[in-house]
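Shown next, in structure tokens, is the structure this report addresses.
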Amino acid sequence: MHFQLRKCVSCNHYTLKNECPKCNEKTKTSHPAKFSPDDKYMKYRLAERYE
Ligand SMILES: [Zn+2]
């Protein structure tokens, strides 16, 4: 599985979509190089919850 987690440039909402579902601003890919696997997993869980 390959998910590209994205982040709204306006409200910092995490999503998998190209536009923020809350404010319709563009999102950009996050760069999780420095995050641990646990951190990434937590953000995926947050994205699921908020969508
Ligand atoms: Zn937003």
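One-based numbering, in listed order, for ligands and for the atoms of each.
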From CA spacing to verdict: side-chain contact (heavy atoms from CB on, under 4.5 Å), S10, C20:
CA-CA 9 Å; S10 178; C20 177; over 6 Å; no

Would K26 and E19 count as a side-chain contact (heavy atoms from CB on, under 4.5 Å) here? Give the steps.
CA-CA 5 Å; K26 296 291 185 186; E19 292 88 30; 3.6 Å; yes

What angle, in degrees and rounded to 10°, do you get at the Zn ion (ligand 1) when you join it to SG of C20 and to SG of C11?
110°

To the nearest 10°, how many degrees is the angle C23 SG to the Zn ion (ligand 1) to C8 SG?
100°

Separation between NZ of K28 and CZ of R6, rounded to the nearest 0.5 Å:
10.5 Å

Tell me whether H13 has at least one N, O or S atom under 2.8 Å from the Zn ion (ligand 1).
no

Heavy-atom check, side chain of V9 versus side chain of T27, under 4.5 Å:
no

